[in-house]
Amino acid sequence: MAPVPPGRLKRRAEFLRVAGQGRKVPVHGLVLQALIRDDGEPARIGFTVTKKVGNAVVRNRTRRRLKEAARLLLRAEPIVGADIVIIGRDSTRKRDFLDLQDDLRRALRKTGVSHAG
RNA sequence: CCAGACGGCCGGACGGCCGCUGCCUGGGUGGUAACGCCCUGGUGGAGGAAAGUCCGGGCUCCACGGGAAUACGAUGCCGGCUAACGGCCGGCGGGGGCGACCCCAGGGAAAGUGCCACAGAAAACAAACCGCCGGCGCGCAGCGAUGCCCGCAGGCAAGGGUGAAACGGUGCGGCAAGAGCGCACCGCGCCCCUGGUGACAGGGGCGGCAGGGUAAACCCCAUCGGGAGCAAGACCGAAUAGGGGCGGCCGGUGGAUCGUCGUCACGUUCGCGUGGGGGCGGUGCCACGGGGGCAUUCCCGCCCCGCUGCCCGGGUUGGUCGCGCGAGGCGUGCAGCAAUGCAUGUCCCAGAGGAAUGGCCGUCUCGCGUCCUUGAAGAGUGAUCUUCGCGGGGGCGGACAGAACCCGGCUUACAGGCCGUCUGGCACC
RNA sequence: CGGAGCGUAGCGCAGUCUGGUAGCGCACCAGUCUGGGGGACUGGGGGUCGUGGGUUCGAAUCCCGCCGCUCCGA
């Protein structure tokens, strides 16, 4: 069975639900919010980069690095039954990419999400 | 060579691995539906400002019979360009710079109103603080000429002083002192001539000077302006709830209402109209009864108020269109000082939607900045110290900034660099 | 996308329309009253008026361009 790619969180209500009911784990390069659904369905992921981080160019670059890190990590180690929100911060842009991936892996482990298979 | 002015342009290059998205081609597949999804191959994929959202348009919807006026807002030397503009080009006038050039909201102050603090006598129909001048009267000094003090009624506005600004400026004459009182030049106003499409410029004549500034104060004049914005707007539209129409079934009482048939009163154009009360019938509008549900029975409590079949429209989540051939880019020629226009050839060149155009790495480039190292230079007898103009090597940095319907401008931000024209200075021939 | 407003002393606000002197409260400093503190009274210091131009004799004020912040509507 091929690994199902994660879906996306898009609506404001979904973000608020994860922020209100999920766990929050800050690490060096990012802040992770996760809500365990425990239903076996594929994970859904959303990204937040606020205006405080910088102008549009900086925000775009921050979000793209987070997207790429999440894509590579979830392709290698897929997770199920969770809604995940990744929040970019000022250090996300300058963090070494391998370290950033490591940050994300550590944060996911702390939230206790379950891997597929 | 140094310093500077103006105009135009670029905004790192190449490659590897893994991805995103539009279109085309071929194959597979999902959903009740509107519509999608997956895979192979090919191909396209941010900017000069995409930014700020300050103007002008296209496009779409709304409003509107035409015109004029008023109000409000914007613009404001002249001519041209443009779809249009508050934009651009070329001129004029004023200001700045040795110069190349740069800057200017630059109509009207003899239509009216307001304001001009402080200072100053006076801040706008003029007036007179100190002052200048002669006359008259009294006094003092002197032999006298005359001078001085005080007072009175006058003449004057040159000088002093205040101010950002004081009712033309400079000079000569003139006068008791003065004054456009007279003259010359400058300024100003009016008229005429010449050149120019025009702003305006040049010349001549007349006037003795009238009219301080402020309109980015109110205002006057001229010109322009309907409003909203792609979340405009159009189409499709599952499920649930709700709305409307038609038909079938059940339905006890009262009220309400509708239809119909008598009756009474009043009015009458004798057709009838208005009002009161009554009989019959219809209606799930209201109340009660009643019915149904909460496993069943009784009591209590709570909830629901027609059931069912077919059809119709509105509309939420959502989906599709609008949405990429255009005031289009590039090249050439012609007209024009130019903005720009015309002709012709050629090209098709981003279309996302929690929002694609990327992530990571390598090589090269850089004449820029910074740091290290080596060399170098200088100081010292020396250990060593100082410096970075020059040579070699290495590390880090390398701007401003991300399309959101499209186009023309404006404004603002920007590392570094390239090209062209021109100005001033120095040196050499 | 459209609209409105704000920026003045460390803080909160006047002054802007109608241009000439920047003021009020709290806070701060000094003195007096008190044995000391608190408190009261008296006196005092402190402001590129967000920023860059322009108009004017003169700008916090009028006009234009930027910067930052807040709010409202779709």
Side-chain angles (χ1 to χ4, degrees):
Chain A
M1 177 173 148
V4 183
R8 290 292 300 275
L9 296 177
K10 295 185 176 181
R11 331 191 99 256
R12 174 173 167 78
E14 297 169 340
F15 280 82
L16 291 178
R17 191 160 46 84
V18 174
Q21 303 175 19
R23 296 193 53 186
K24 182 175 174 184
V25 180
V27 291
H28 189 123
L30 54 95
V31 176
L32 187 79
Q33 291 175 332
L35 178 62
I36 310 293
R37 289 173 305 164
D38 224 8
D39 54 3
E41 294 294 306
R44 294 187 302 172
I45 190 163
F47 299 91
T48 295
V49 182
T50 67
K51 229 187 260 185
K52 271 183 129 177
V53 175
N55 60 20
V57 173
V58 170
R59 294 201 305 274
N60 265 340
R61 184 166 175 81
T62 302
R63 193 188 64 251
R64 284 164 175 164
R65 298 194 84 203
L66 291 175
K67 275 177 70 178
E68 185 70 5
R71 184 182 69 85
L72 294 173
L73 193 68
L74 294 190
R75 192 177 55 168
E77 315 167 15
I79 60 178
V80 293
D83 285 348
I84 294 169
V85 173
I86 303 177
I87 301 173
R89 56 201 312 188
D90 200 37
S91 57
T92 306
R93 196 164 22 102
K94 295 181 176 176
R95 188 83 165 149
D96 185 90
F97 191 71
L98 292 178
D99 293 339
L100 188 64
Q101 283 181 290
D102 211 54
D103 289 341
L104 181 58
R105 189 178 298 116
R106 266 192 9 253
L108 279 173
R109 194 170 300 133
K110 275 189 183 177
T111 57
V113 298
S114 47
H115 288 275

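The sequence lines fix the lettering, A, B, ..., with proteins before strands; numbering per chain opens at 1.
Between Thr50(A) and Val53(A), the closest side-chain pair of non-hydrogen atoms falls below 4.5 Å. When side chains are defined from C-beta on, Thr111(A) does not count as touching Ile84(A), because their heavy atoms never get closer than 4.5 Å.
Atoms CD1 and CG, on Ile79(A) and Leu108(A) in that order, are 5.0 Å from each other to the nearest 0.5 Å.
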Inset, instruction - Go through the steps to decide whether Glu68(A) and Arg71(A) satisfy the test salt bridge (charged side-chain N to carboxylate O under 4.0 Å, His left out), and finish with yes or no. - result: CA-CA 5 Å; Glu68(A) 185 70 5; Arg71(A) 184 182 69 85; 2.7 Å; yes

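Comparing Gly46(A) and Val58(A) by the nucleotide of RNA chain B that holds the closest heavy atom to each, the one mapping nearer the 5' end is Gly46(A).
Under the side chain to side chain contact (heavy atoms under 4.5 Å, CB included) rule, Lys24(A) has a single partner from Leu32(A), Val31(A), Ile87(A), which is Val31(A).
The CG-P distance, from Asn60(A) to A404(B), rounds to 12 Å in whole Å. Across the protein-nucleic acid pair, Arg75(A) atom CZ and G359(B) atom P stand 17 Å apart, rounded to whole Å.
Rounded to whole Å, the C1' atom of G36(B) lies 26 Å from the corresponding atom of G358(B). The gap from the C1' atom of U411(B) to that of A5(B) amounts to 24 Å, rounded to the nearest Å. Straight-line distance between the C1' atoms of C323(B) and C59(B): roughly 12 Å, to the nearest whole Å.
For the OP1/OP2 pair of U357(B) and a distance below 4.0 Å, the side-chain nitrogens and oxygens of Arg64(A) include at least one atom meeting the criterion. Contact check, Arg63(A) against G402(B): no side-chain N or O comes under 4.0 Å of OP1 or OP2. The shortest distance between the side-chain N/O atoms of Arg65(A) and the OP1/OP2 oxygens of C360(B) is below 4.0 Å.
Backbone-only engagement by Arg61(A) is indicated by non-hydrogen atom pairs under 4.0 Å involving sugar-phosphate atoms exclusively.
Counting only Watson-Crick or G-U wobble pairs whose defining distances are both under 3.5 Å, the stems of 3 or more consecutive pairs in RNA chain C are C:1-7 with C:67-73, C:10-13 with C:23-26, C:28-33 with C:39-44, C:50-54 with C:62-66.
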Nucleotides 68-73 of chain C: which of its N/O atoms have a protein N/O under 3.5 Å away?
none

